[in-house]
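A quick write-up on the structure given underneath.
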There are 2 protein chains.
Amino acid sequence: MSVDHPIVSEIFKGITFTTEESLFILSKFEKIILQKGELLLHANEVVYYQYYVQQGCLRTYSMDSAGKEHTLQFAISDWWISDYTAFFSNTTAIMSIECIQEAVIYKISKEHMEQLFLELPKIETFFRKKMEKAFASFQKRILGTLSMSAQERYNDFIQTYPNIEQNVKNYHIASYLGITTESLSRIRKRIAKT
Amino acid sequence: MSVDHPIVSEIFKGITFTTEESLFILSKFEKIILQKGELLLHANEVVYYQYYVQQGCLRTYSMDSAGKEHTLQFAISDWWISDYTAFFSNTTAIMSIECIQEAVIYKISKEHMEQLFLELPKIETFFRKKMEKAFASFQKRILGTLSMSAQERYNDFIQTYPNIEQNVKNYHIASYLGITTESLSRIRKRIAKT
DNA sequence: TCAAAAAATTGATGTAGGGTAATAAATTAG
DNA sequence: CTAATTTATTACCCTACATCAATTTTTTGA
């Protein structure tokens with residue numbers, strides 16, 4: 001038990017570490033406080049870190065050639081966030097990460113992750129399982145965009161992520177759903193009438 | 001070197017195994033031959049396996065409430081395929097997998113995978129990296145549906161997957177892009193004029 | 001607490017892609 | 001090699017969502 005470092009057992013909930021292991025893990029992370037509006041990651045920069053969100057709310061978005069923003073993902077308490085495409089392949093980010101609500105973040109570099117994987121295979125297993133879940137939810141999202149109308153996707157979103165809905169602006173939700181704010185507004189009106 | 005079991009080094013390209021390891025791995029897989037039109041996996045069944053495609057072409061699709069099919073993914077030589085949401089979480093499939101071109105498949109169960117992971121950590125690493133790539137490509141696809149028109153997505157598809165395009169019908173591509181065959185036909189006509 | 005800025009709504013109109021149906025082209029099977 | 005079937009194309013009209021342009025509502029900060 002490592003009562004000493006509650007953040008480690010918070011991040012890796014479900015895994016038990018010795019005090020030494022816990023200290024070792026802790027040494028690989030760095031804490032960051034972000035204010036609303038600040039960017040955690042800028043498009044076109046090389047991505048060295050992935051980020052554990054302890055508190056607050058962030059979003060990953062990219063800008064298309066027409067200058068329009070598209071929200072790929074939100075992250076609230078206990079979620080991980082990064083530009084994973086860039087992080088995994090050591091390339092530059094195509095996305096930026098913006099803080100939407102004041103946040104407490106723990107970042108870890110790819111090198112430190114690899115060290116953890118080597119020393120503590122259970123951490124690699126932990127991340128593999130995280131990946132599996134994230135993969136499944138992306139798959140669900142793709143199927144959603146293929147088969148559902150904007151209104152259905154909106155309903156699905158607020159049911160699936162009630163905690164996120166409270167934290168974000170409607171125009172963020174619209175850019176996540178792939179519609180305009182105006183369309184979302186009309187959808188909300190239609191739903192309210194029912 | 002395990003010249004004895006070329007399929008093992010084909011599946012796990014880049015990893016070196018002893019002959020014992022190679023035999024051990026081989027024992028976990030089972031070969032399947034599929035004819036065009038056959039289903040490898042049926043919606044509503046529990047998913048015990050994931051499948052390595054040595055040859056041929058398959059697609060994962062789901063049926064929406066209106067009875068329309070949506071293609072989530074294609075798989076050709078050297079790709080893995082399954083209903084991963086169901087496979088990872090031990091639930092029933094929402095998707096089916098159909099053979100599009102006569103295929104040679106090697107299947108492995110989740111239990112066997114876990115055994116491999118325990119015995120050979122490098123296999124777990126291999127799959128973690130596969131997941132990372134798949135994750136990144138799904139992310140790219142979501143961004144694509146958010147930011148590109150059907151025509152742009154079609155162009156992107158044929159450029160990114162020229163080997164797949166040759167194997168599949170246009171209506172499969174349409175259901176992958178989230179449009180009707182009629183719309184795809186119009187898009188192709190427009191492109192041909194240029 | 002109130003002005004300024006940000007966010008959301010509404011209306012009018014435009015457009016990409018959908019639905020239906022008929023036809024043409026390509027593939028398959030006998 | 002031809003008939004049957006599957007796949008792709010085209011034409012016509014329709015709908016979901018976009019775009020543009022005002023407002024209105026909510027939030028923010030001095």
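Just so it is clear, the model here is predicted, and its values are computed rather than measured. Chain letters run A, B, ... following the sequence lines, proteins first, then strands; residues in each count from 1.
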Report summary line: CD1 of Ile108(A) to CD1 of Ile11(A), rounded to nearest 0.5 Å, is 8.0 Å

Requested in this report: Shoot me the first and last contacting nucleotide of DNA chain D against chain A, ordered 5' to 3', at under 4.0 angstrom to non-hydrogen atoms.
Outcome: dC17(D) to dT28(D)

Report task. Please find out if less than 6.0 Å separates the ring center of Phe117(B) from that of Phe127(B). Result -> yes

Report task. Find the distance Ile187(B):CD1 to dT15(C):C1' and express it as a whole number of Å. Result -> 14 Å

Requested in this report: Answer yes or no: are there more than 12 heavy-atom neighbours, outside Lys122(B) itself, under 6.0 Å from its atom NZ?
Outcome: yes

Requested in this report: Flag the pair Phe135(A) / Phe135(B) as yes when their ring centroid distance falls below 6.0 Å, and as no otherwise.
Outcome: no

Report summary line: Rounding to 0.5 Å, atoms CE (Met95(A)) and CD1 (Ile81(A)) come to a distance of 9.0 Å

Query raised in the report: Within this structure, what is the CZ-to-C1' distance between Arg186(B) and dA16(C), rounded to whole angstrom?
Result: 10 Å

Query raised in the report: Do the ring centers of Phe157(A) and Tyr176(A) come within less than 6.0 Å of each other?
Result: yes

Query raised in the report: OP1 or OP2 of dA25(C) sitting under 4.0 Å from any side-chain N/O of Lys169(B)?
Result: no

Requested in this report: Answer yes if the ring centres of Tyr106(A) and Tyr51(A) are under 6.0 angstrom apart, and no otherwise.
Outcome: no

Report summary line: His172(B) atom NE2 is separated from dT27(C) atom P, nearest whole Å, by 15 Å

**Report entry** For atom NZ of Lys68(B) and atom C1' of dG17(C), their distance in whole Å
**Finding:** 11 Å

Query raised in the report: Between dG19(C) atom P and Leu184(B) atom CG, what is the distance in whole Å?
Result: 15 Å

Query raised in the report: Rounded to whole angstrom units, what separation is found between the CG atom of Leu177(B) and the P atom of dG17(C)?
Result: 11 Å

Query - Contact nearer the 5' end of DNA chain C, comparing Glu182(B) with Ser185(A) - result: Ser185(A)

Query - Any Ser183(B) side-chain nitrogen or oxygen under 4.0 Å from OP1 or OP2 of dG17(C) - result: no

Query raised in the report: dA8(C) C1' sits how many Å from Ile173(A) CD1, rounded?
Result: 12 Å

**Report entry** DNA chain C: 5'-proximal contact among Val168(A) and Ala150(B) (nearest heavy atom)
**Finding:** Val168(A)

Query raised in the report: Taking atom C1' of dT10(C) as reference, at what distance in whole Å does atom CG of Asn170(A) sit?
Result: 15 Å

